[in-house]
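One structure below.
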Amino acid sequence: MPSYVSMPSIALPDHVVTTDDICADISEHHGDNPRLGSILRVVRATGVHTRRFTRPLRSPTVAGTATIGERNRVAFADSARLAEEAARAALATAGLTPADVDCVVTSHTTSWAVPGLDVHLTGALGLRPDVRRISMATLGCVGGAQALIRAAREVRADPGSRVLVVAAEAISTIYHHGDTTLESMIYKALFGDSAGACVVTDTPLGPGLRIDDTWEYWLPDSHDRYWGRLDDAGLHFDSTRKAANAAGDVMPALHDWLHAGRTTPTPPRWAAIHPGGPRILDDVARGLDVEPKVLRHSWSSLEENGNLGGVAVLDVLARTHDDPPGDGEEGLLLAFGPGFVAASCRGTWCA
């Protein structure tokens, strides 16, 4: 049974932070670093021009010295606020009320909270007390794609269900001046804060993606690509140089899935690819054998909003609605996350 995804709604916070702002802050705090010039060149090469933070760059919970407790409290409160905004807009776009929702699937990684975002949204939105809840809290950048897969499976298991998908992240909480590796400097410039939401059903609520098949994959022995860690300062995001090749490393397995049962496989006509960074987008374009214009919405999302973590593919999918493929064109939604894991929805655009 196919599943239909409504147009995602994206909620962005108020504070616009430019790459010039990030470079100035790095220069101020790391001016004695002998590699400062190289660091700034790599930061500017991320392709990100602006990103949004829930708090000003120089606030205690971003570039300041707030404790882990304060960072965590602020990050969850800000994520929850954005999640509510995105969810209300998504329901309005789909022509639904909170009482119409049968299941809510959430993805949220950048702060610890019990109860989690699913319970918070159930109360804040006024969802039914018997709504089914699926809460995912450690997925990071793959969260939006993984949530769509969970929603599609809910719809197949219980026809007629209306599933609200919500992803929210305040990734600015990982901004620490105590992190001085080249990778950590890149992440200071790469990430942005946001929330995104959409509705998945077994009947279309408007034009958009029809999910025909899904795929999940863990790259064996890949725990040393990307990971998160906690210390007294808060949440940190780390990686090794192996991470640069990770997206390319999963391409053979992705090809096996995409080409299974097809005697003459063809490249996707459109694609919503997680804009994790320039290297990821270049490797995916090469691996899928598609022209650069196929990934134009991913590139524009990266440039304007940075890497939004689990929200990113929802932002790319929303941009696809603004410049949509033709009716019936086959395409692909694909995201990656720490582990190293991949999640994809193969589908058809329905006008």
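Starting from 1, each residue takes its place in the sequence as its number.
In the hydrophobic cluster analysis, where Ile, Leu, Val, Met, Phe, Trp and Tyr join through side-chain heavy atoms closer than 4.5 angstrom, V311 is grouped together with V163. Both I174 and L302 are assigned to one and the same hydrophobic cluster, defined by single-linkage of ILVMFWY side chains at heavy-atom distances under 4.5 Å. Using a 4.5 Å cut-off between side-chain heavy atoms of Ile, Leu, Val, Met, Phe, Trp and Tyr, with links allowed through other members, L125 and V101 fall into the same hydrophobic cluster. V105 and L308 fall within the same hydrophobic cluster, defined by Ile, Leu, Val, Met, Phe, Trp and Tyr side-chain heavy atoms under 4.5 Å apart, directly or through other members. Y4 and L205 are members of different hydrophobic clusters when ILVMFWY side chains are connected at heavy-atom separations under 4.5 Å.
Within the structure, the side-chain hydrogen bond (donor to acceptor under 3.5 Å, both in side chains) test picks out the following pairs touching residues 304-321 (sequence neighbours left out): S300-R319, S301-D315, E304-R319, N305-D315, D315-R319. The salt bridge (Lys or Arg N to Asp or Glu O under 4.0 Å) contacts involving residues 230-247 comprise D224-K242, R229-D231, R229-D238, where partners must be two or more places apart or lie in separate chains. Evaluation of the salt bridge (Lys or Arg N to Asp or Glu O under 4.0 Å) test over residues 104-114, restricted to residues two or more places apart or in two chains, returns none. Here salt bridge (Lys or Arg N to Asp or Glu O under 4.0 Å) pairs that include residues 8-23, with residues two or more places apart or in two chains, are D20-R44. Within the structure, the salt bridge (Lys or Arg N to Asp or Glu O under 4.0 Å) test picks out no pair touching residues 193-205 (sequence neighbours left out). Applying the ring pair (Phe, Tyr, Trp, His ring centres under 6.0 Å) test to residues at least two apart or on different chains, the pairs with a partner in residues 43-102 are F76-H108.
With a 6.0 Å radius and a threshold of 12 heavy atoms from other residues, nucleotides or ligands, D327 has its CG atom above the threshold. The neighbour count for R88 CZ, taken as heavy atoms of other residues, nucleotides or ligands under 6.0 Å away, is above 12. Within 6.0 Å of the CZ atom in R128, the count of heavy atoms belonging to other residues, nucleotides or ligands exceeds 12.
Ion pairing between a basic and an acidic side chain is recognised when a charged N comes within 4.0 Å of a carboxylate O; R225 and D249 show such pairing. Of the charged side-chain nitrogens involved, at least one lies within less than 4.0 Å of a carboxylate oxygen, so that R150 and E216 count as a salt-bridged pair.
A donor-acceptor distance shorter than 3.5 angstrom exists from the side chain of E169 to the backbone of T110, with no hydrogens or angles considered. Using a distance-only test at 3.5 Å, with no hydrogens or angles considered, no donor-acceptor pair links the side chain of S172 to the main chain of V62. Listed for the H29 side chain is a donor-acceptor partner under 3.5 Å among the backbone atoms of D25. With S79 contributing its side chain and A170 its backbone, the two residues share a donor-acceptor pair below 3.5 Å.
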Practice item. Could you walk me through whether L36 and S27 pass side chain to side chain contact (heavy atoms under 4.5 Å, CB included), step by step? Key: CA-CA 7 Å; L36 180 61; S27 298; 4.3 Å; yes
Review point. Given the rule in the side chain to side chain contact (heavy atoms under 4.5 Å, CB included) test, do C198 and L148 qualify, once you have shown the distances and angles that lead to the verdict?
Key: CA-CA 9 Å; C198 59; L148 289 175; 3.7 Å; yes
Exercise for review: Before giving the answer on salt bridge (charged side-chain N to carboxylate O under 4.0 Å, His left out), spell out for D283 and R286 the whole-Å C-alpha distance, their side-chain angles and the decisive distance to 0.1 Å.
Suggested key: CA-CA 5 Å; D283 284 354; R286 189 179 306 110; 2.8 Å; yes
Exercise for review: Check step by step if side chain to side chain contact (heavy atoms under 4.5 Å, CB included) holds for W215 and L254.
Suggested key: CA-CA 8 Å; W215 176 75; L254 180 65; 3.6 Å; yes
Check your understanding: When you look at T65 and H177, which way does the side chain to side chain contact (heavy atoms under 4.5 Å, CB included) test go after all the steps?
Key -> CA-CA 9 Å; T65 58; H177 287 306; over 6 Å; no
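Summarising the geometry of A168 relative to A195, their closest heavy-atom pair is CB-CB, 3.8 Å, with the distance given to 0.1 Å. Considering every non-hydrogen atom in both T214 and C345, the closest pair reads CG2-SG, 4.2 Å. The nearest pair of heavy atoms linking L333 to S344 is O-OG, 2.8 Å. Heavy atoms only, all atoms of each residue included: H176 and A233 are closest at CE1-O, 3.2 Å. The shortest heavy-atom contact between A342 and V142 is C-CG2, 4.2 Å. V43 and C23 get closest at one heavy-atom pair: CG1-SG, 3.9 Å.
A search for ring-ring contact (aromatic ring centres under 6.0 Å, His included) contacts involving F237 returns Y187, F191, Y226, not counting sequence neighbours. Partners of T19 according to the side chain to side chain donor-acceptor pair (under 3.5 Å) rule, which considers only residues two or more places apart in sequence or in another chain, are R51. The salt bridge (Lys or Arg N to Asp or Glu O under 4.0 Å) test applied to D118 returns R133, not counting sequence neighbours. Among residues two or more places apart in sequence or in another chain, the side chain to side chain donor-acceptor pair (under 3.5 Å) test is passed with T97 by D100. Among residues two or more places apart in sequence or in another chain, the salt bridge (Lys or Arg N to Asp or Glu O under 4.0 Å) test is passed with R132 by E154, D158. Looking at residues two or more places apart in sequence or on another chain, you find a side-chain contact (heavy atoms from CB on, under 4.5 Å) between A271 and I273, V294, L295.
The CG atom of L127 sits 10.0 Å away from atom SG of C103, with the distance rounded to the nearest 0.5 Å. Atom-to-atom distance recorded for R153:CZ and S161:OG is 15.5 Å, nearest 0.5 angstrom. Residue T54 holds its OG1 atom at 11.0 Å from CD1 of I171, rounded to the nearest 0.5 Å. Note that CD of Q146 and CG of L139 are 5.5 Å apart. Values are rounded to the nearest 0.5 Å. Here the OG1 atom belonging to T181 is positioned 9.0 Å from the CZ atom belonging to R35, to the nearest 0.5 angstrom. We find the OH-OG1 distance between Y175 and T61 to be 13.0 Å, quoted to the nearest 0.5 Å.
L209 places a side-chain heavy atom less than 4.5 Å from the side chain of W270. Here the side chains of R162 and L164 are not in contact, with every heavy-atom distance at 4.5 Å or above. Two residues are said to be in side-chain contact when any heavy atoms from C-beta on lie closer than 4.5 Å; M185 and D179 fail this criterion.
With D78 as the fixed residue, the salt bridge (charged side-chain N to carboxylate O under 4.0 Å, His left out) test singles out one of R71, R73, R52, R55: R55. The side-chain contact (heavy atoms from CB on, under 4.5 Å) with L334 is formed by just one residue from the set V284, V313, V316; it is V284.
Ring geometry for H259 versus H255: interplanar angle under 30°, hence parallel rather than tilted (30 to 60°).
Judged by the 6.0 Å and 45° rule, R346 forms a cation-pi pair with W257.
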